[in-house]
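Here is how names work: the chains are called A, B, and so on, in the same order as the sequence lines, proteins then strands, and each is numbered from 1.
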Amino acid sequence: MIAMIAKRFASAIPSLIGVIIVTFVISHTLPGDPAAYFAGPSATAESIAETRARLGLDQPLPIQFLTYVGDLVQGDMGRSFNSGQPVLTDLARRLPASFELTLYALVFAIVVAVPLGLWAAVNPGSWIDHLCRGTVTAAAAFPSFFTALVLIFVFYYKLGWAPSPIGRLAIYFPIPPSVTGFLTIDAVLAGDLATARAALGQLILPAISLGLFALAPLARMTRASMIGVLGSDFITTARAEGLPRRTVLWTYGFRNALLPVVNILGMIFSFLLGANVLIEQVFGWPGIGSYAVEAVLTSDYAAIQGFVVMMAVLYILLNLGVDILNMIVDPRVRYDD
Amino acid sequence: MTTPPLLDVRNLTVDFATRDGTVHAVENVSFQLARGETMGLVGESGSGKSVSAFAVMRLLGKSANVRAERIDVGGHDLLTASEAAVDALRGKRMTIIFQNARSALNPIRPIGQQIVDVLRTHRGMIGKDARKAAVAALAEVRIPDPERRYHAYPFELSGGMCQRVMIALAFASEPELLIADEPTTGLDVTTQAVIMDLIREKSSQRRMSTILITHDLTLAAEYCDRFAVMHAGHIVEQGTTSDIFERAAHPYTGLLMQATPHGASRLEDLAAIPGTLPDLRRDLPPCRFVHRCPRAAPVCAAALPRRALDASHEVSCHMPWKESA
Ligand SMILES: Nc1ncnc2c1ncn2[C@@H]1O[C@H](COP(=O)(O)OP(=O)(O)OP(=O)(O)O)[C@@H](O)[C@H]1O
Ligand SMILES: [Mg+2]
């Protein structure tokens, strides 16, 4: 198993190198002059040139690239023009916010989509089945920021059930000492239930807006998978042996149907991380999505590159996590090599 | 038969609703099976053997329209029984094993666990007792090192081993009727004999009745007391093994036997029977063999008779071979 994990890592290295090259090239061909931006509004041509030299931006691109890679290997992603902080520090501070949001969104999507898909598979033609095939798809067809705005309009503005969409926590709540970086969990660990509840309240609307996005693929995948499994030989055997319906559906059917669903979880998670970009804007969420948007708008090279490289690494780690999860749930995978 | 048969099927008809029309897969199939008896069910691919078996087990899906005058197992009426009642009969009274044993076993559940599931359902065994009984069941079908194999997954076992597990599974509930749908197809000859001997041994120990569906006439002749020959959804002839092999009356059976002297060949290899099965979606003539039959005559357009040649031997044909022929 260790060998397999190492192998997975090794096989991801070429794509990581590719990502680094491509993002470097793209971010350096974006319009805008960071030296001018960095030198400030009152800069003269001279001070801009000086800034450019200080940042190494006057070097030819290949040299800049080598310097960049050398720094990257040492964990130095450069400094953000916007925040003045090292990019790594910025990302490390903002990543938990996005992760918490994405995880809640994923949990919401799973909790709704999997039972829906299962029910639809077991009762083909029922209204849940139609819901699964039609309505859920329609819901996903709306852009997620639109869904988010509608939810804010209804639940915050009209009904007043949701707190104002101003980030992770209203300012009058104390921020719990960081353990996991997840405010809801850290607050519970600190014994501050009021803060935990407030943080959860802030999460609900963005998590639902984001989760709705993943609902359709998950529900349809679960449905198709369960239908496939229920038609397979071993289910016929289980029925022929007279096993109770419960056992046939759950122990024999559901567990097998879950395998392909587990397989796409990694993909869905990274898909949601990407979709964060818009949702975070709408809800003022201080995550990596809004960071990336800001970086692109201001040609903040280092921040853009840092963001993309981090996403690539995350993607690789996520897939590794899914592989390991797969090994746990599917005995056949363990013996593959 | 003086004692009532264990299995009594009368005029079983199965149609499938499909996108390209209704498939008349099985029509007016009747047979009885006494306790302890083994019946071979033979016929070309697509002749309706599996469909008949699945209909008896009530395992056909919603697209199947199953009608019959009667389907009784051990005095229990299967035709009108509720889904829950059928659930209670399956496993306990009757069970089925399939050709591809590996895919017939749950791929992500240890095989011992799967046997325990059956033991718990039908014999109320749990915990250590069930475990012990499952290991014993594996030992009984001569799986080497059953203690260790208890934890094995189907993909870790050979096809022959998987079939042994299937047999252990089928017998764990101590059923009265076993339907074996091509249990040895795809296995090598030695393993085939081992599997068949296992089935025979177990079923005779318990006076269990067996329906053996197969393409392999040689194999079947050795293990079966009786035969039913199917063609295009009809049972064209049934009788004792010697009735069928020595006094075949239906032209189809006759061609089958001619083409397989002493039953020494497999049905798939038969080039000697002209034509192919008729399209079961069309309107079919009363005798579905008529277009392939060397003895076809004008009378064959009339409704199909069911002729008893003697107490055990029955043929559905207007123009049977003469007994002496
Ligand atoms: N679910 C179904 N829907 C439509 N047609 C079906 C279905 N199941 C079986 N059939 C048709 O019923 C006929 C009989 O099939 P069956 O599987 O009983 O044949 P068989 O005698 O078991 O053949 P084989 O020796 O290949 O196993 C075939 O023409 C088949 O296409
Ligand atoms: Mg078949």
Side-chain angles (χ1 to χ4, degrees), chain A residues 1 118-126 129 222-263 265 322-337, chain B residues 50 53-54 56-63 83-111 113-122 151-156 162 165-166 168-173 175 177-179 181:
Chain A
M1 179 154 154
L118 288 179
W119 186 275
V122 176
N123 305 289
S126 65
D129 188 17
T222 309
R223 175 178 172 275
S225 171
M226 187 70 173
I227 286 178
V229 166
L230 288 182
S232 61
D233 287 356
F234 63 87
I235 291 293
T236 312
T237 306
R239 291 177 59 210
E241 297 301 338
L243 298 188
R245 196 174 146 81
R246 199 167 16 92
T247 313
V248 173
L249 285 184
W250 289 99
T251 314
Y252 284 69
F254 178 58
R255 280 197 205 166
N256 277 283
L258 221 49
L259 301 181
V261 176
V262 165
N263 253 319
L265 276 189
V322 167
D323 284 343
I324 292 170
L325 200 60
N326 241 328
M327 283 195 276
I328 294 168
V329 293
D330 189 345
R332 286 165 296 185
V333 178
R334 283 173 231 164
Y335 297 79
D336 258 6
D337 43 5
Chain B
S50 299
F54 273 59
V56 168
M57 293 289 300
R58 278 268 299 259
L59 283 173
L60 290 171
K62 283 194 182 117
S63 67
E83 202 53 43
V86 176
D87 270 345
L89 291 174
R90 283 199 206 112
K92 189 84 217 151
R93 299 275 169 192
M94 54 184 184
T95 193
I96 187 165
I97 60 184
F98 304 105
Q99 172 184 347
N100 191 344
R102 198 193 305 276
S103 70
L105 292 167
N106 187 340
I108 60 169
R109 198 163 173 77
I111 55 168
Q113 276 290 324
Q114 300 188 44
I115 296 177
V116 165
D117 289 338
V118 174
L119 291 171
R120 188 180 48 233
T121 306
H122 295 292
H151 302 285
Y153 294 95
F155 72 93
E156 298 173 282
C162 283
V165 174
M166 268 308 291
L169 206 62
F171 285 89
S173 55
L177 169 67
L178 172 74
I179 301 178
D181 192 349

Portion of B:Leu105 that has a non-hydrogen atom of chain A nearer than 4.5 angstrom =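 When you check distances to chain A, only backbone atoms of B:Leu105 fall under 4.5 Å.
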
Select one option (side chain, backbone, both, neither) describing which atoms of B:Arg102 are under 4.5 Å from chain A's heavy atoms.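 Neither the backbone nor the side chain of B:Arg102 comes within 4.5 Å of chain A.
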
Exercise. Between the side chains of B:Thr121 and A:Glu241, is a donor N or O closer than 3.5 angstrom to an acceptor N or O?
Worked result: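 Side chains of B:Thr121 and A:Glu241: no pair found under 3.5 Å.
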
Would you tell me whether A:Asn256 and B:Asn106 have side-chain atoms, one donor and one acceptor, within less than 3.5 Å of each other?
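Side chains of A:Asn256 and B:Asn106: pair found under 3.5 Å.
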
Identify which part of A:Leu259 has an atom lying under 4.5 Å from any heavy atom of chain B, answering side chain, backbone, both or neither.
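When you check distances to chain B, only side chain atoms of A:Leu259 fall under 4.5 Å.
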
With a 4.5 Å cut-off on heavy-atom pairs, point out which of [options] contacts chain A the most.
options: B:Ser173, B:Pro110, B:Ala172, B:Gly91; value: B:Gly91
options: B:Ala88, B:Pro175, B:Ala170, B:Ala84; value: B:Ala170
options: B:Ile96, B:Leu169, B:Val86, B:Ile179; value: B:Leu169
options: B:Thr95, B:Leu59, B:Asn100; value: B:Leu59

What are the two closest non-hydrogen atoms of B:Pro107 and A:Pro331, and how far apart are they?
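Minimum heavy-atom separation between B:Pro107 and A:Pro331: O-CG, 4.1 Å.
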
About how many Å separate [atom2] of [Y] and [atom1] of [X], when rounded to the nearest 0.5 Å?
X: A:Thr237; Y: B:Phe98; atom1: OG1; atom2: CZ; answer: 4.5 Å
X: B:Phe155; Y: A:Asp330; atom1: CZ; atom2: CG; answer: 7.5 Å
X: B:His122; Y: A:Leu243; atom1: NE2; atom2: CG; answer: 6.0 Å
X: B:Asp87; Y: A:Arg239; atom1: CG; atom2: CZ; answer: 7.5 Å

- Is there a side-chain contact between B:Tyr153 and A:Arg332 (heavy atoms, below 4.5 Å)?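 Contact flag for B:Tyr153/A:Arg332 side chains = no.
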
Margin query: For a 4.5 angstrom cut-off between non-hydrogen side-chain atoms, does A:Phe234 reach B:Gln114?
Written below: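 Side-chain contact under 4.5 Å: no.
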
Take A:Arg245 and B:Glu83 through the test side chain to side chain contact (heavy atoms under 4.5 Å, CB included) and record every step on the way to the result.
CA-CA 10 Å; A:Arg245 196 174 146 81; B:Glu83 202 53 43; over 6 Å; no

